[in-house]
There are 2 protein chains.
Amino acid sequence: MAIHKKEIFSRKEQDLAAFAKAIAHPARIAILKVLAEKNECICGEIVEILPLAQSTVSQHLKELKDAGLINGSIDGPRSCYCINWEAFELFNSEFSGLFKSLQIDQAKKCC
Amino acid sequence: MAIHKKEIFSRKEQDLAAFAKAIAHPARIAILKVLAEKNECICGEIVEILPLAQSTVSQHLKELKDAGLINGSIDGPRSCYCINWEAFELFNSEFSGLFKSLQIDQAKKCC
DNA sequence: AGTCTTTATCGTATATTTGCGATATAAGAT
DNA sequence: ATCTTATATCGCAAATATACGATAAAGACT
């Protein structure tokens, strides 16, 4: 493909896409569920629950953190993670707001 | 990586992840916006608007259709596409419902 | 100091995604 | 019948993502 064309699109589109990509893997959704249930959690607990290697879980956690969906802080030798609910609210409203204004025409069937 | 482990996770997690993956690209979000604005649209119109080749747009449309987010029907030599609002509603409620039950603890800060 | 525990990161192999040109297909127009 | 138009699909190249073992780093504990 020579080059990726993501940068051509608007910032808002890129941000929403990045958000979506962060949850576009069952393992990461499963991790988020664990975090939601336990409120906060260290990496090792997730590794025990999920059928994935420690390095893989750590990598997924990093992606979720980079996307801003979770917070993480170093707690001695371990790392404590929790869900960033504010970010989730934002994503949820961004997503549902994406077509809200146009959804009035929903009755107008097509195709 | 030897093997993909998606199938290890629950169907619901896989479905939600697949949904998210469909919108995890700026080009596909842009396509959805165009479809939402025009209510229905043929492939060629999208190609004119987006800075992508016809084959690329067609491929993105296919992915959105496979994910169930849009409907498409052959209309003579062209193809008419429109948004599947029902699927969007479903995704939206699935997503926002994912953590809703646990979000009561939102005040309980951590990390 | 040395040792253990926990996690991040590196290196890697493999799989998937992205993008485009070229081609195939299918219907309408001449 | 031939040509044009519109779209899907194929084949390829390059970029990303996924997964894991091995290693590094950093704090706790003797």
Side-chain angles (χ1 to χ4, degrees), chain A residues 1-9 13-14 17-31 34-35 40-67 70-82 111, chain B residues 1-9 13-14 17-31 34-35 40-67 70-82 111:
Chain A
M1 71 180 144
I3 212 158
H4 259 251
K5 295 200 151 185
K6 288 178 182 175
E7 58 285 345
I8 287 171
F9 299 94
E13 284 163 354
Q14 289 182 55
F19 249 140
K21 190 187 283 185
I23 62 165
H25 195 288
R28 288 195 287 273
I29 292 178
I31 288 172
V34 173
L35 288 179
E40 70 175 38
C41 200
I42 62 167
C43 177
E45 291 183 87
I46 301 167
V47 173
E48 277 177 33
I49 294 167
L50 301 190
L52 293 170
Q54 180 270 323
S55 57
T56 306
V57 171
S58 185
Q59 202 171 309
H60 281 306
L61 283 167
K62 181 176 159 52
E63 279 169 70
L64 288 169
K65 195 179 175 188
D66 288 347
I70 64 174
N71 301 123
S73 64
I74 299 155
D75 172 29
R78 50 212 102 187
S79 280
C80 177
Y81 289 100
C82 66
C111 303
Chain B
M1 71 181 147
I3 212 159
H4 258 249
K5 295 201 153 185
K6 287 178 183 175
E7 58 284 346
I8 287 171
F9 300 94
E13 284 163 354
Q14 289 183 54
F19 248 141
K21 190 188 282 187
I23 61 165
H25 195 288
R28 289 196 286 274
I29 292 179
I31 288 172
V34 173
L35 288 178
E40 69 175 38
C41 200
I42 61 166
C43 176
E45 291 182 87
I46 300 166
V47 173
E48 277 177 32
I49 294 167
L50 301 190
L52 294 170
Q54 181 270 324
S55 58
T56 306
V57 171
S58 184
Q59 201 172 311
H60 280 307
L61 283 167
K62 181 175 159 54
E63 280 170 72
L64 287 168
K65 194 179 176 187
D66 287 347
I70 63 173
N71 301 124
S73 65
I74 298 154
D75 171 29
R78 51 212 101 188
S79 280
C80 176
Y81 290 100
C82 66
C111 303

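Every chain is numbered from 1, with letters handed out A, B, ... down the list of sequences. Treat the numbers as computed from the prediction; the structure is a model and nothing was measured.
Looking at heavy-atom distances under 4.0 Å, Thr56(A) makes contact with a base.
Remark: Tyr81(B) is in phosphate contact with dA8(D), judged by side-chain N or O atoms under 4.0 Å from OP1 or OP2. Residue His60(A) places at least one side-chain N or O under 4.0 Å from the OP1 or OP2 atom of dA19(D). One finds a side-chain N or O of His25(B) lying less than 4.0 angstrom from the OP1 or OP2 phosphate oxygen of dG19(C). Put simply, Lys62(A) has no side-chain N or O that comes within less than 4.0 Å of OP1 or OP2 on dT7(C). For the pair Lys21(A) and dT17(C), the criterion of a side-chain N or O lying under 4.0 Å from OP1 or OP2 is not met.
The side-chain heavy atoms of Phe9(A) and Ile29(B), taken from C-beta on, include no pair separated by under 4.5 Å. When side chains are defined from C-beta on, Asp75(A) counts as touching Arg78(A), because their heavy atoms get closer than 4.5 Å.
Here the C1' atom of nucleotide dA8(D) and the CD1 atom of Ile74(B) are 10 Å apart, to the nearest Å. Remark: C1' of dG21(C) and CG of Leu52(B) are 14 Å apart, rounded to the nearest angstrom. One can place CD1 of Ile70(B) at 13 Å from C1' of dT7(D), the figure rounded to the nearest angstrom. Atom pair Ile31(A):CD1 and dT7(C):C1' shows a separation of 14 Å (rounding to whole Å applied). One interatomic measurement links the two molecules: CD of Glu48(A) to P of dT7(C), which rounds to 10 Å at whole-angstrom precision. When rounded to the nearest whole Å, the span between CG of Leu61(B) and P of dT7(D) equals 9 Å. Distance, Ile42(A) CD1 to dA8(C) C1': 14 Å, rounded to whole Å. Per the geometry, CG belonging to Asp66(A) stands 13 Å off P belonging to dT18(D), to the nearest Å.
Heavy-atom distances to DNA chain D give each of Arg78(A) and Glu63(A) a nearest nucleotide, and the one nearer the 5′ end belongs to Glu63(A). Checking Ser55(A) against Ser58(B), the closest nucleotide of DNA chain D that is more toward the 5' end is the one next to Ser58(B).
Contact annotation: side chain of Gln54(B) to base of dA8(D), donor-acceptor pair present below 3.5 Å.
In this structure, His25(B) and His60(B) have tilted ring planes: the angle between them lies in the 30° to 60° band.
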Exercise for the section: Walk me through it: do Ile70(B) and Lys65(B) pass the test side-chain contact (heavy atoms from CB on, under 4.5 Å)? Expected result: CA-CA 5 Å; Ile70(B) 63 173; Lys65(B) 194 179 176 187; 4.0 Å; yes

Exercise for the section: Go through the steps for Leu52(A) and Ile46(A) under the test side-chain contact (heavy atoms from CB on, under 4.5 Å), then give the verdict. Expected result: CA-CA 9 Å; Leu52(A) 293 170; Ile46(A) 301 167; over 6 Å; no

